[in-house]
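Owing to the predicted nature of the structure, the values given are computational and were not obtained by experimental measurement.
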Amino acid sequence: MEERQRAAYSEFAVQQWRRLVQAGVVLGLDRHAAEDLAQSTLVRCYVKWARVERADDPAAYAARVLLNLHRSQRRRRWHGERPSEHLPETAVEPEDGMADLHAALAGLSREHREVVLARVHLDLSEKETAALLGVRPETVKSRLSRALARLAADPVLSRTDGGPR
Amino acid sequence: MNGSDPGNRLRDLLERVPDTPPPVDALVAAGERAHRARRARLAGVGAAAAVVVVALASLVVVRPDDTTPAPPPSAQVELAGRWDVVELRDGTGRRIDLVTNLRGRVGLRFDPAENEYVGSDGCNAFFGGYRLEGVDLRMQPPGATEVGCRPDMVLIQRLPDVASLRAGGGTLTVLDRDGRLVARLARPLPTLTGESQVRTIAATKLLPAFDAGQTSWPDPVLLQLDPSPRGQPLTGARPGDGVLWADTGCNTTGGAYRQRGATLRARPGTLATSLVGCASEPAVHEVVDQMALATAPDERTLVLRDRTGRALARLERLY
């Protein structure tokens, strides 16, 4: 990669990093897994940098890569698990300040998280979201409606003070 | 959206995600490694060398299997598209048992427009560039995810050794520089075409329309039936044997199944499951245990039934 391209890529990575990590969180990952997913996404973008640069919306391209990576990782998830007769003695507690977020998102299905990611976090249009998720715009609308209804019913997200519990 | 809108509230909460600096240098270094490896692999593979390799490859006697003769060489190999890995050997020639490790689909997809491949070893995803000239195939060392699995990433490790291809009998035989078998590839089996020809169904969704009495779950329930790739060394395997896995969004189940016509049975003793305690979990294990008959009302739907014909689950093809 030429120096100019490398500089452009570095700038892109800096710009997209936090948004991609947050996207991973919206998809239900803890912060560390979300950072891993963001890293994998940006490495993939590096390898495909010429294509990313040519894209009409490089940020949307990165989002699509992230979503595809997450879907493929999720399909493989069970391979990392092993049967066990015993449950862990203690659950892993979310980090300070993120418990509310994880609790709210835990009530959403994968499809709902994905549509929230696209429409709310990435601020994509209905049509762009439909293209990203591979569904019809009507499906986007109905999924978003149901997802927001679930979030609205969440005791944390329905509060208006904006402060932590 | 106003201030109490759940979307806005969600955005507020997302601001609490710690703002760590991006590891730009590490990202650039990882990308560079892939590029360097590709250049090193492909540099020096000139036309003359390609001719020599083609000639050597055509002379090499290959024994991919003690009972399976090597397919005849082909000058024109149609590589584009999806392939299942149906046999895999490590660098010592040891055969990797793909089925009884109960791993996911092991396969590759070649994109000739970009000269790139992507794939999965059933555990990790990988991608890279390739060059095909006649039967001479060079594969760039892949970039890959690094999920820990057993056995460790044999396919990913072997890809850079690939030197040539032979096509025949509907399969591709992939050889290393010494003419030793790396892998045999086969096109994925045909998709579901009708009740009398139920062969396989890919990822499916367990619809909430059966006895569990619950109409929705937080996560989609997935049941995937993968046919045993042809030539798999599964003990007692016959065409129609395969592996299944199910994901309830809480626990996962894996095992082997047998399919004879429309009869679909989990192989006794092969099912394994994780044991995470979750509320409202779909009874996938019961479905898998009891399934005896598969009927296909249409190409996108498969109904699993027990021995009495009672519907246990209605599966909808997702992709």
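- Annotation: side chain of A/K48 is not in contact with side chain of A/V65 (no heavy-atom distance under 4.5 Å).
- Using a 4.5 Å cut-off between heavy atoms, A/V43 touches chain B through backbone and side chain atoms alike.
- Between B/Y117 and B/Y130, the two ring planes are tilted [angle within 30° to 60°].
- Ranked by heavy-atom pairs under 4.5 Å with chain B, the list A/R6, A/H112, A/R44 is led by A/R44.
- Here the side chain of A/R110 pairs no donor or acceptor atom with the backbone of A/G28 at under 3.5 angstrom.
- Between the side chain of A/R119 and the main chain of A/T129, no donor-acceptor pair closer than 3.5 Å is present.
- Judged purely by atom type and a 3.5 angstrom limit, A/H121 uses its side chain to pair as donor or acceptor with the backbone of A/R19.
- Heavy-atom distances place no part of A/Q16 under 4.5 Å from chain B, backbone and side chain included.
- Using a 4.5 Å cut-off between heavy atoms, A/V14 contacts chain B through both its backbone and its side chain.
- Looking at A/L105, the atoms closer than 4.5 Å to chain B (heavy atoms on both sides) all sit in the side chain, from C-beta outward.
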